[in-house]
Amino acid sequence: IEKFKGVTIAMYACYDKSGAIDPAAIRRLVRHYCETGVRGLYVGGSTGEGMLQSVEERKQTLEAVMQEARQHERQLSVIVHVGAPSTRDSVELAVHAESVGADAVSAVPAIYYRLSPQSVERHWQAIIDSTSLPFIIYHIPQTTGFTLSKELLSRMAAQEKVIGVKISSESTFELQQFKAAGGPDFLVFNGPDEQYLAGRSIGADGGIGGTYGIMPELFLKIERCFNEGRLVEAKEWQFRVNEIIVELLALPSLYGGCKAILNLRGFDIGEPRMPLLPIPESDMERVARLNDKIMSFIE
Ligand code: NGF
């Protein structure tokens with residue numbers, strides 16, 4: 001489980017001008033992330049727009065990620081989000097993830113229907129049983145509407161294959177409680193990037209986040225300061241990160257903003273897919289200023 005600890009970037013979806021998956025752009029971005037020193041990538045989650053893509057597109061995306069990631073000496077740990085409205089699609093994606101050499105799979109509860117805990121448990125179990133890969137629960141109640149109880153979490157965590165939970169709810173208390181319920185070897189990933197340091201301080205083993213991809217260097221600084229016990233410095237870096245996140249959240253869409261920043265840097269990954277909004281021309285000056293600010297923090 002060591003290979004999953006630390007900073008894991010939630011990968012952005014990459015599209016060409018027509019809105020189709022762009023394998024070349026994916027590989028370009030993964031190549032860049034391989035050089036930053038982060039621990040791994042989380043593919044096809046909220047940031048990765050997995051829910052807005054067909055099963056085939058999700059497979060195509062992962063294949064491009066794996067082809068690039070496996071060419072580098074520094075091996076990124078690749079966690080694949082296979083959550084989907086149907087168990088059948090999630091299982092198909094999990095089987096595919098294993099076949100291309102991913103390190104772990106992860107899933108939200110099946111979305112759209114209001115599901116009982118028994119139903120979510122059966123859904124996750126079907127995914128877990130379909131491969132020999134480790135499984136990471138994805139807890140994001142604000143989008144799925146599903147409240148994960150400590151009881152269900154503990155039952156899931158009792159299985160060897162269930163190695164952790166990614167907690168995107170904003171409660172650090174819940175994070176601490178889930179860590180206690182899972183036990184010392186059960187991984188907890190911080191979800192809200194604004195609380196990376198708070199999450200780490202209260203028991204998270206690392207984080208998976210959607211804004212890491214435009215400023216991995218800053219999250220690595222927080223991580224390093226935290227590990228070396230330099231907490232005042234860690235807090236200063238977190239505050240700088242939060243200055244950026246506040247501005248990103250004020251844009252028409254968060255992922256649109258992140259992608260626009262990467263496009264300014266020449267990555268050419270396209271816009272988010274509707275209903276997520278692109279950044280209008282009128283906001284591009286703001287985005288450029290934000291990019292300058294990030295770069296000034298990184299230097
Ligand atoms: O996007 C959300 C919704 N949360 C993400 C993250 O927890 C989920 C977080 O990075 C994620 O990264 C993924 O599955 O791809 C936020 O974007 C960030 O903290 C800004 O608010 O809650």
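Any value given below was found using the heavy atoms of this structure, including those in side chains, with hydrogens, waters and symmetry copies removed. Order of appearance sets the numbers: ligands from 1, and atoms from 1 within every ligand.
- Scanning all protein heavy atoms for the shortest distance to atom 20 (C) of ligand 1 gives Glu194 OE2, 3.3 Å.
- Considering both main-chain and side-chain atoms, Asp193 comes within under 3.5 Å of ligand 1 through a nitrogen or oxygen pair.
- The contact set between ligand 1 and Pro192, taken as ligand atoms under 4.0 Å from a residue heavy atom, comprises 19 (O).
- Less than 4.0 angstrom separates some heavy atom of Thr47 from each of these atoms of ligand 1: 11 (C), 12 (O), 13 (C), 15 (O).
- Contact annotation: for Thr143 versus ligand 1, there are no heavy atoms closer than 4.0 Å.
- Between Lys59 and Glu56, at least one side-chain N (NZ, or NE/NH1/NH2) sits under 4.0 Å from a carboxylate O, which counts as a salt bridge.
- Among all non-hydrogen protein atoms, the one lying nearest atom 3 (C) of ligand 1 is Ile140 CD1, 3.7 Å.
- Under the 6.0 Å distance and 45° angle rule, Lys179 does not count as a cation-pi partner of Phe186.
- For atom 14 (O) of ligand 1, the nearest non-hydrogen atom of the protein is Tyr138 OH, 2.5 Å.
- Residues Tyr196 and Phe189 keep their aromatic ring centres 6.0 Å or farther apart.
- Under 4.0 Å from ligand 1, the heavy atoms of Tyr255 that appear belong solely to its side chain.
- Of all the heavy atoms of Gln142, the ones lying under 4.0 Å from any atom of ligand 1 belong exclusively to the side chain.
- Considering only non-hydrogen protein atoms, atom 5 (C) of ligand 1 sits nearest to Gly191 O, 4.2 Å.
- If you number the atoms of ligand 1 from 1 as listed, the ones under 4.0 Å from a heavy atom of Gly209 come out as 10 (O), 12 (O).
- Relative orientation of the Tyr138 and Tyr42 rings is perpendicular, given thresholds of 30° and 60° on the angle between their planes.
- Looking from atom 7 (O) of ligand 1 to the surrounding protein, the closest heavy atom is Ser168 OG, 2.6 Å.
- The shortest heavy-atom distance from Tyr212 to ligand 1 is not under 4.0 Å.
- Panel note: side chain Glu233, backbone Cys225; no donor-acceptor pair is recorded below 3.5 Å.
- Of the charged side-chain nitrogens involved, none lies within less than 4.0 Å of a carboxylate oxygen, so that Arg200 and Asp193 do not count as a salt-bridged pair.
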Next on the checklist: Let's go through Leu76 and Cys34 carefully: what are the C-alpha distance in whole Å and the side-chain angles of both, what is the deciding distance for side chain to side chain contact (heavy atoms under 4.5 Å, CB included) to 0.1 Å, and is it a yes or a no?
Outcome noted: CA-CA 7 Å; Leu76 293 179; Cys34 284; 3.7 Å; yes
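- Annotation: cation-pi geometry not satisfied between Lys259 and Tyr12 (NZ/CZ under 6.0 angstrom from ring centroid, within 45° of ring axis).
- Phe146 has its ring centre no less than 6.0 Å from the ring centre of His139.
- Looking only at protein heavy atoms, the nearest one to atom 17 (O) of ligand 1 is Leu254 CD2, 3.2 Å.
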Next on the checklist: With salt bridge (Lys or Arg N to Asp or Glu O under 4.0 Å) as the criterion, how do Lys5 and Glu2 come out once you've worked through the C-alpha distance, each side chain's angles and the decisive distance to 0.1 Å?
Outcome noted: CA-CA 5 Å; Lys5 291 183 175 174; Glu2 285 304 312; 3.0 Å; yes
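- Considering both main-chain and side-chain atoms, Gly45 never comes within under 3.5 Å of ligand 1 through any nitrogen or oxygen pair.
- At the shortest separation from atom 11 (C) of ligand 1 among protein heavy atoms lies Lys166 NZ, 3.2 Å.
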